[in-house]
Amino acid sequence: MSYPFKEIEEKWQEAWTKSKSFNARADLKRKKYYLLEMFPYPSGKIHMGHVRNYTIADVAARFKIMQGFNVLHPMGFDAFGQPAENAAIKNKTKPRIWAYKCIEWMKIELKKMGFSYDWERELSTCDSDYYKWNQWIFLKMLEQGLAYKKSSSVNWCVACETTLANEEVIEGECWRCHTKVEQKDLEQWFLKITEYKERLLEDLKQLKDWPERVLSMQTNWIGKSPGVQVDFKLKDSKKIIPVFTTRADTIFGATYIVLAPGHPLVKEIIKGNPEEKKVLRFIEKTSKASKAIREATEVKKEGIFTGCFAVNPVNNEEVPIWVADYVLMEYGSGAIMAVPTHDQRDFLFAKEHGLPMRIVIKGQDSAKDMNEAYEGDGIQVNSGQFNGLINKEAKIRIAEWMQETGIGKIETHWRLRDWLISRQRFWGTPIPIIYCAKCGIVAVPYEDLPVKLPPDAPFTGEGGSPLGKVKEFVNTPCPKCKAPSRRETDTMATFFDSSWYFLRFCSPKFEKAPFDVGEVKYWMPVDQYIGGIEHAILHLLYSRFFTKFFKDLGMIEFDEPFKRLLTQGMVLKDGEVMSKSRGNIVDPDSIIKNYGADTLRLFILFAAPPETELEWDDRGIEGAFKFLNRVWRIQDNFPAMPSGVQAVSRPIAGKVWREKDKADPALLRVLHKTIKKVTADIEGFKFNTAIASLMELTNAIYQSGADKKVFQTLVILFSPIAPHLCEELWQILGNKESICKQKWPKYDPHLLVEEKVTIAIQVNGKVRSKIEIPADISEEKLKASVLADEKLKPWLQGRPPKNFIFVPRKLVNIVV
RNA sequence: GCGGACGUGGCGGAACUGGCAGACGCGGUAGCCUUAGGAGCUAUUGGGGAAACCCUUGGGGGUUCAAAUCCCUCCGUCCGCACCA
């Protein structure tokens, strides 16, 4: 027998919708709180990951509302993208129909969870009302020189038949279908995110409430490495080999240089020399070894001498030039100066091939027979005029000196590349560009936006963009000269859509611009953003980039879109991520059916803190359900079964509410402790411990007897977590107004004070006794009664205490 | 290799700025109630020991009256980046 969760949940979901309980209005007189979850891709069904993400957010939203904040808590759908296209091909329907159907299904499931969304702000990125503004933003970027087209070797997924951003290539494979990514030369649209690299890096410092992990991933990805480009002259030639180094302090120890096998100079310099054939053979061999093999860990570094020499510009020493596969053409200048004494890779290579070494930085323990490179700090030696300096300083001084004398140039290398946004796909935002034979690349005029996707296109699943096959779409007059022209048939990467949706939510129906500047000024930035760690780099980096772009346009005044970020952990089953292929999926809908949404919410919040992985546990669900029933039964003053069913013959406590004037002071103390704890815990997203203390309060009520006032407060405190149950109990207790509108309770510090406390008495740090004493006892008095304690006699053995430490309310430690 | 997070009962996990380790829950045990219990309630539950006691936060060392918490060192797990010069 259990509480009637089904009726209750349906009843209140309907009531909330009807009364528009969660619809937000900007109000300058009130403090705002913008809470946002990463919006879902409408696959049609919600999974446990969604449930966890959105439950965490929902508790925070309801809590903030009760605290009096003006809360914005919107929901929408990231609806463009390949899966809809693939599903359309498979099910012989159209992506649009498919997508909107999925959105409907998904909304039904979200509503069944009782989430407090402002559904009037719902948006879908596949609406032309939305993607019109993608196009608008693109054109603005084009005007600013931030969107450009170039032909380049791009990542190409054969299976998806589209290009991929660097960010979408994981270990050489397509992030979505895991097909090996190939390189292909194509004309593509790029966004100049690199223009913002300094700010994207610098402003990470503002993000004090972001997880360390995400900050470090972003830093890593942007990959700033300051250094020097040094020009090594080729011996007996005017040719120059530029190398890049971050360790200018080691340049006097550069005893050879290495070119990447693909370096354009290699073939030039070996021409006609005796080593030519051997070197060519080596290059051919290494080029065959694919990137994947090369990346397989601990491959032996292979290389070959070119027969040529270069001159180290700092000491005019001749150094041999080698070609080796451990130098990559893709990074820096494709050439390095090798310092075997202070770089482990160079060290291994030099050992292998008997190349010279020279120590230039003395570590604390300067080893004569090195068996590995010394990469730490130390004093410069063998470094000309820089001898005696600490290498950290020498690094700067040498760089400056090289810059002054023209030997080198201070430079910074970045890992971050411009963002490729062209996709050869149908289900995305058309790039608003027209190609005219006479005028060239022409932007679609703003007044002609949106460039709408045609209602239909042939989906064969064969190569090429489906848009290219829709004549009515492709053929269009040039906006400038009216000559027959062609539209761009590529669409935008869907990460474009999600890079600014948080701004659109502030004024989702605004018609004059992507967003209403005034509304955004009130609501933004997002106070709390919640989503999966898988978006730690891409989505968050792009969103930060867009935000800075809007700031430069003068449309917003802040630098960073998301003040606080929480990345929730994954939901696992049997230690593995839930997935179709593993067949270990637990469907949220079936849990809702059998136990109700409140049980699911409670379990998912209680089982683990939000950031850590959560192991699914059917028994945990039972436990959560049991607790809800336990709370429910308080209204009946704890009969074992709900009213209507036969009650147990032996009541646990009084069957009636306690008399008003007979409050139990101990219970009151627990209550106020709970208020304090739950408030702090929800504030800090520690829901598991918040729930634990609510359980303690419930246990205390069972012990002490039913107290209506205490119970009312428990119901309020519990309501963000189990809103349906609490709303019903609230009504049963005789309240008319929704519990969502109740003020969050405050604890009374006076009631927390305990008159008597039990403190531990330690002798030499070990607990030997406990005594109950008045909380505010003086140390003198305490000392007297402690030393009189019989239990301590054997431990003290009459020895006088050397030290007597008293931590009020906690313990006493006697040192003898 | 670099960067980040972490390591606590049979399990999920608590422990504020160093102050009684193991809150809360799951599971277990015993009892009550019941025609019945996979419901409910009560008690108990880190390990060893008959007990007094002893041991216990990955291992070792240190600081301290006092360490899961701080420092050093080693081991291990997870994540991100990666022949990045």
Side-chain angles (χ1 to χ4, degrees), chain A residues 1-2 171 211-221 223 225 227 243-247 250 257-258 260 294-295 297-299 301 324-328 330-339 343-346 348-349 375 413-415 533 536-537 603 606-609 611-624 626-627 629-630 633 638-641 645-653 677 680 686 688-696 698-699 702 758-767 770 794 801-816:
Chain A
M1 275 302 146
S2 65
E171 289 175 7
E212 202 74 26
R213 184 154 69 129
V214 176
L215 293 174
S216 106
M217 280 162 79
Q218 293 236 337
T219 306
N220 234 319
W221 190 262
S225 66
V243 304
F244 177 72
T245 181
T246 55
R247 292 292 305 272
T250 64
I257 70 174
V258 187
R294 222 176 55 207
E295 278 170 0
T297 46
E298 293 311 308
V299 174
K301 297 172 192 351
D325 59 359
Y326 80 97
V327 173
L328 304 176
E330 301 91 89
Y331 188 80
S333 58
I336 62 157
M337 59 175 216
V339 186
D343 181 286
Q344 186 59 16
R345 290 159 304 174
D346 296 343
L348 291 175
F349 191 80
E375 294 181 342
H413 274 266
W414 300 79
R415 218 185 80 93
I533 188 72
I537 298 174
F603 164 72
F606 184 57
E611 316 78 36
T612 57
E613 287 176 337
L614 185 152
E615 174 68 31
W616 183 264
D617 179 6
D618 291 326
R619 285 181 303 206
I621 280 284
E622 293 278 352
K626 210 159 101 178
F627 179 63
N629 279 297
R630 206 164 140 82
R633 283 197 316 269
F638 339 117
M641 299 191 191
V645 184
Q646 199 193 350
V648 291
S649 52
R650 189 175 65 111
I652 301 313
K677 176 91 176 130
K686 293 155 133 193
N688 53 335
T689 48
I691 292 165
S693 68
L694 289 168
M695 287 172 167
E696 284 181 82
T698 305
N699 292 344
Y702 271 76
T758 306
I759 64 167
I761 300 167
Q762 300 180 332
V763 177
N764 289 337
K766 298 207 171 196
V767 181
K770 291 192 181 192
K802 246 194 254 167
N803 205 347
F804 187 88
I805 288 138
F806 173 46
V807 185
R809 309 174 154 278
K810 290 260 158 79
L811 53 68
V812 161
N813 191 8
I814 305 164
V815 189
V816 292

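Sequence lines set the chain letters: A, B, ... in the order given, protein chains first and strands last, and positions in each chain run from 1. Worth knowing before you read on, the calculation uses all heavy atoms, side chains too, and leaves out hydrogens, waters and symmetry mates.
- Under 4.0 angstrom from either OP1 or OP2 of B:C6 there lies no side-chain N or O belonging to A:Arg213.
- Figure legend. B:G1 is base-paired to B:C81; pairs are counted as Watson-Crick or G-U wobble with both atom distances under 3.5 Å.
- Between A:Arg633 and the phosphate of B:C41, there is a side-chain N or O to OP1/OP2 separation shorter than 4.0 Å.
- Remark: B:A15 base-pairs with no nucleotide; criterion is Watson-Crick or G-U wobble with both hydrogen-bond distances under 3.5 Å.
- Rounded to a whole Å, the CG atom of A:Asp618 is 12 Å from the C1' atom of B:C26.
- Note on A:Asn699: only backbone sugar-phosphate atoms sit closer than 4.0 angstrom, heavy atoms only; bases stay farther off.
- Nearest to the side-chain atoms of A:Asp617 among the listed nucleotides B:C26, B:C84, B:G19 stands B:C26.
- Residue contacts shown for A:Pro211 are absent, as no nucleic acid heavy atom lies under 4.0 Å away.
- Listed for the A:Asn629 side chain is no donor-acceptor partner under 3.5 Å among the backbone atoms of A:Ser2.
- Nucleotides B:G37 and B:G31, compared at atom P, are 13 Å apart to the nearest Å.
- Between B:U45 and B:G10, the two C1' atoms lie 11 Å apart (nearest whole Å).
- Of the possible donor and acceptor atoms, none in the side chain of A:Asn688 sits under 3.5 Å from a partner among the backbone N and O of A:Ala608.
- Comparing B:G80, B:G4, B:C41 against the side chain of A:Met217 picks out B:G80 as the nearest.
- Nucleotide B:A23 has no partner under the Watson-Crick or G-U criteria, as no pair reaches both atom distances under 3.5 Å.
- Between the base of B:C65 and the side chain of A:Asn813 there is a donor-acceptor pair shorter than 3.5 Å.
- Residue contacts for A:Asn220: at a heavy-atom cut-off of 4.0 Å it reaches a base atom on one of the strands shown.
- The residue among A:Val807 and A:Tyr326 whose nearest nucleotide of RNA chain B lies closer to the 5′ end is A:Val807.
- The side chain of A:Thr246 lies closest to B:A85 when the candidates are B:G25, B:A85, B:C65.
- Within the 4.0 angstrom heavy-atom criterion, no nucleotide atom of any strand lies near A:Ser333.
- Annotation: of the two residues near RNA chain B, A:Ile814 and A:Arg619, the 5′-most nearest-nucleotide partner is A:Arg619.
- With rounding to whole Å, A:Leu328 atom CG is found 11 Å from B:A85 atom P.
- Rounded to whole Å, the distance from CD1 on A:Ile621 to P on B:C26 is 13 Å.
- Within the nucleic acid shown, A:Glu613 comes within 4.0 Å of sugar-phosphate atoms alone, with no base atom in reach, counting heavy atoms only.
- When rounded to the nearest whole Å, the span between CZ of A:Phe627 and C1' of B:A39 equals 18 Å.
- The residue A:Glu615 sits apart from the nucleic acid: no heavy atom pair falls under 4.0 Å.
- As judged by a 4.0 angstrom heavy-atom cut-off over every strand, A:Val815 is placed among residues touching the sugar-phosphate backbone only.
- Searching all strands for a Watson-Crick or G-U wobble partner of B:G7 with both distances below 3.5 Å returns B:C75.
- Distance noted for atom C1' between B:U34 and B:C41: 12 Å (whole Å).
- With hydrogens and angles disregarded, no donor-acceptor distance shorter than 3.5 Å links the side chain of A:Asp343 to the backbone of A:Ala338.
- In B:G9 the base sits syn relative to the sugar, since the glycosidic angle is no further than 90° from 0.
- Regarding contacts with the backbone of B:C41, a side-chain N or O of A:Arg630 is found under 4.0 angstrom from either OP1 or OP2.
- Counting any heavy atom pair closer than 4.0 Å across all strands shown, A:Val243 reaches no nucleic acid atom.
- Within 3.5 Å, a donor on the side chain of A:Lys770 pairs with an acceptor on the base of B:C20, or the reverse.
- Across all non-hydrogen atoms, the minimal contact from A:Met217 to A:Ala536 is CE-CB, 3.6 Å.
- Shown here, B:U69 forms no base pair; nothing in the strands shown gives a Watson-Crick or G-U wobble contact with both key distances under 3.5 Å.
- Comparing the P positions of B:C54 and B:G18 gives a spacing of 28 Å, expressed to the nearest Å.
- The listed nucleotides are B:C41, B:G13, B:C65; the one nearest the side chain of A:Tyr702 is B:C41.
- Spacing of P atoms, B:C74 relative to B:G1, comes out at 12 Å, to the nearest Å.
- In the model, A:Asn220 has no side-chain atom that pairs as donor or acceptor with a side-chain atom of A:Arg415 under 3.5 Å.
- For the P atoms, the distance linking B:G48 with B:G40 amounts to 30 Å, nearest Å.
- One atom, CD1 of A:Ile805, and another, P of B:G18, lie 16 Å apart when rounded to the nearest Å.
- Phosphate proximity of B:A82 to A:Arg415: present, with a side-chain N or O under 4.0 Å from OP1 or OP2.
- Of the candidate nucleotides B:G19, B:A85, B:C24, B:C24 has the atom lying nearest to any side-chain atom of A:Glu696.
- In this structure, A:Tyr331 and A:His413 have tilted ring planes: the angle between them lies in the 30° to 60° band.
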Q. So A:Val816 and A:Lys802, side-chain contact (heavy atoms from CB on, under 4.5 Å) or not? Walk me through it.
A. CA-CA 5 Å; A:Val816 292; A:Lys802 246 194 254 167; 5.9 Å; no
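- Listed nucleotides B:A15, B:G4, B:A85 differ in distance to A:Glu212; the shortest reach to its side chain belongs to B:G4.
- Figure legend. B:A50 is base-paired to no nucleotide; pairs are counted as Watson-Crick or G-U wobble with both atom distances under 3.5 Å.
- B:A39 is unpaired under the criterion used here, namely a Watson-Crick or G-U wobble arrangement in which both key atom distances are under 3.5 Å.
- For A:Met695, the side-chain atoms get nearest to B:C24 when compared with the rest of B:C24, B:A85, B:G12.
- Here the side chain of A:Tyr326 pairs no donor or acceptor atom with the backbone of A:Phe349 at under 3.5 angstrom.
- Relative orientation of the A:Phe603 and A:Trp616 rings is perpendicular, given thresholds of 30° and 60° on the angle between their planes.
- Separating the P atom of B:C55 from that of B:G7 is a span of 25 Å, rounded to the nearest Å.
- Residues A:Asn813 and A:Asn764 share a closest heavy-atom pair of OD1-N, 3.5 Å.
- Between A:Asn688 and B:A14 there is a side-chain polar atom (N or O) within less than 4.0 angstrom of OP1 or OP2.
- B:U8 and B:C78 have their P atoms separated by 14 Å, given to the nearest Å.
- Across all strands, A:Lys766 comes closer than 4.0 Å only to sugar-phosphate atoms, never to a base (heavy-atom distances).
- The separation between A:Ile533 atom CD1 and B:G4 atom P is 15 Å, rounded to whole Å.
- Distance from the side chain of A:Ala692 is smallest for B:C24 among the nucleotides B:C24, B:A15, B:C20.
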